2 protein chains.
Amino acid sequence: MTNTVQNDWPAGIKRTRQRKSVLSILEDSEKPLSATDICAKMEKGGCAAWLSTVYRILELFVKKGVAIKTNVMNNEMAVYELNRFKHKHYAVCLNCHKIIVMDNCPMDTFIPQLEEKGFHIMGHNLEVFGLCKDCSPT
Amino acid sequence: MTNTVQNDWPAGIKRTRQRKSVLSILEDSEKPLSATDICAKMEKGGCAAWLSTVYRILELFVKKGVAIKTNVMNNEMAVYELNRFKHKHYAVCLNCHKIIVMDNCPMDTFIPQLEEKGFHIMGHNLEVFGLCKDCSPT
DNA sequence: AAATCAAATGCGAATAATACGCATTTGCAC
DNA sequence: GTGCAAATGCGTATTATTCGCATTTGATTT
């Protein structure tokens with residue numbers, strides 16, 4: 001497990017062993033992870049923590065803007081990712097639940113239209129669902 | 001409670017009292033409802049059903065394409081709405097909750113890119129939030 | 001470096017949405 | 001009307017997430 005150096009620790013968050021571990025896991029993953037995923041990775045990495053602790057850390061990270069919480073489609077489990085301040089969107093396979101990262105944002109061409117109407121966009125969520133290459137019947 | 005006439009009953013779905021009730025409730029509501037909401041409306045409308053039954057009916061409706069299931073803004077409860085087969089997207093003002101209808105869909109220009117990757121898109125959700133003309137500070 | 005103390009964690013138990021199992025009932029084809 | 005597969009009533013199970021509280025830990029002060 002790569003242990004990313006955390007140069008800029010988010011302000012107002014006490015540095016604990018568990019929090020450092022969660023942050024480095026989020027830093028090392030380019031895909032959003034569930035609380036259980038993170039908990040398992042922590043155990044594997046030799047820094048085991050209780051699941052409720054992981055939930056509390058993630059909740060804090062979200063509140064501080066360090067992480068982003070999303071509910072991928074009809075999935076009952078929330079996933080978390082590092083807030084990298086450049087937003088990404090995901091396409092989720094309905095069959096195998098594989099997540100495909102989209103390279104760019106369809107809103108880019110769309111924002112000007114709304115801004116013209118005087119609407120100041122502060123954020124958006126986009127979820128695309130369908131069948132990935134491996135799950136397509138054709 | 002208005003009882004909308006259901007001329008075109010979805011194919012392959014047995015017409016039961018409970019299902020007719022759920023469908024008419026979805027037809028009469030212009031905003032998405034949770035399973036609990038629907039259950040309460042059924043009871044009020046004199047057609048009480050068990051909550052688990054409502055869940056089963058909604059699950060079926062979603063599978064048959066009659067209804068759409070969504071998780072609004074990381075909320076823990078799923079909501080259901082009738083699939084009206086004309087998709088619209090809305091921009092919601094964070095302050096006054098005014099809803100601005102978007103004229104067209106930003107995904108239109110985006111779909112080909114994912115299809116190229118072998119991902120077969122079956123649908124998408126988009127939520128835009130920000131401040132409308134009247135609520136902008138400038 | 002030791003003392004201090006608020007804050008974080010370990011741990012289990014509680015909650016809440018949703019799924020499941022099975023006996024009974026119901027809608028539909030004949 | 002009869003037969004039967006499918007749907008529902010009803011309770012219980014499951015699963016993600018939160019809560020409560022005693023113990024521990026990280027920062028701060030002396």
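Model, not experiment: these values are computed from the prediction. A, B, ... follow the sequence lines: proteins, then strands. Residue 1 opens every chain.
- With rounding to whole Å, A:Leu33 atom CG is found 15 Å from D:dA16 atom P.
- The nearest whole Å value for the distance from the CG atom in A:Asp37 to the P atom in D:dT17 is 11 Å.
- Remark: A:Glu81 CD to A:Asn83 CG distance equals 8.0 Å, nearest 0.5 Å.
- At whole-Å resolution of the value, CD1 in B:Ile38 and C1' in D:dT8 are 17 Å apart.
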Summarise how protein sits on nucleotides 16-22 of chain C as a single string, 5' to 3': B when a protein heavy atom is under 4.0 Å from the base, S for sugar-phosphate-only contact, - for no contact. -SBSBB-
Review item, nucleotides 22-29 of chain D N/O atoms under 3.5 Å of protein N/O:
from: D:dG26; atom 1: O3'; to: A:Arg15; atom 2: O; distance (Å): 3.2

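- When all heavy atoms of B:Val54 and B:Cys39 are compared, the pair lying nearest together is CG2-SG, 4.0 Å.
- Taking atom CG of A:Leu60 as the reference point, atom P of D:dT17 lies 17 Å away to the nearest angstrom.
- Expressed to the nearest 0.5 Å, how far CZ of A:Arg56 lies from CZ of A:Phe61 amounts to 14.0 Å.
- Considering CD of B:Gln18 and NZ of B:Lys20, their distance stands at 9.5 Å, rounded to 0.5 Å.
- Within the model, atoms CG of B:Leu33 and CD1 of B:Ile25 stand 8.0 Å from one another, a figure rounded to the nearest 0.5 Å.
- Considering CG of B:Leu23 and CZ of B:Arg15, their distance stands at 9.0 Å, rounded to 0.5 Å.
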One pair to check against side chain to side chain contact (heavy atoms under 4.5 Å, CB included): B:Val66 and B:Leu26. What are the steps and the verdict? CA-CA 10 Å; B:Val66 176; B:Leu26 288 176; 5.9 Å; no
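- For the pair B:Ile57 CD1 and C:dG27 C1', the interatomic distance rounds to 14 Å; values are reported in whole Å.
- As a whole-Å value, the separation of B:Arg19 CZ from D:dT8 C1' is 9 Å.
- Taking OG1 of B:Thr53 as the start and CZ of B:Arg19 as the end, the distance is 10.0 Å to the nearest 0.5 Å.
- Rounded to an integer number of Å, the gap from B:Leu58 CG to D:dA7 P is 15 Å.
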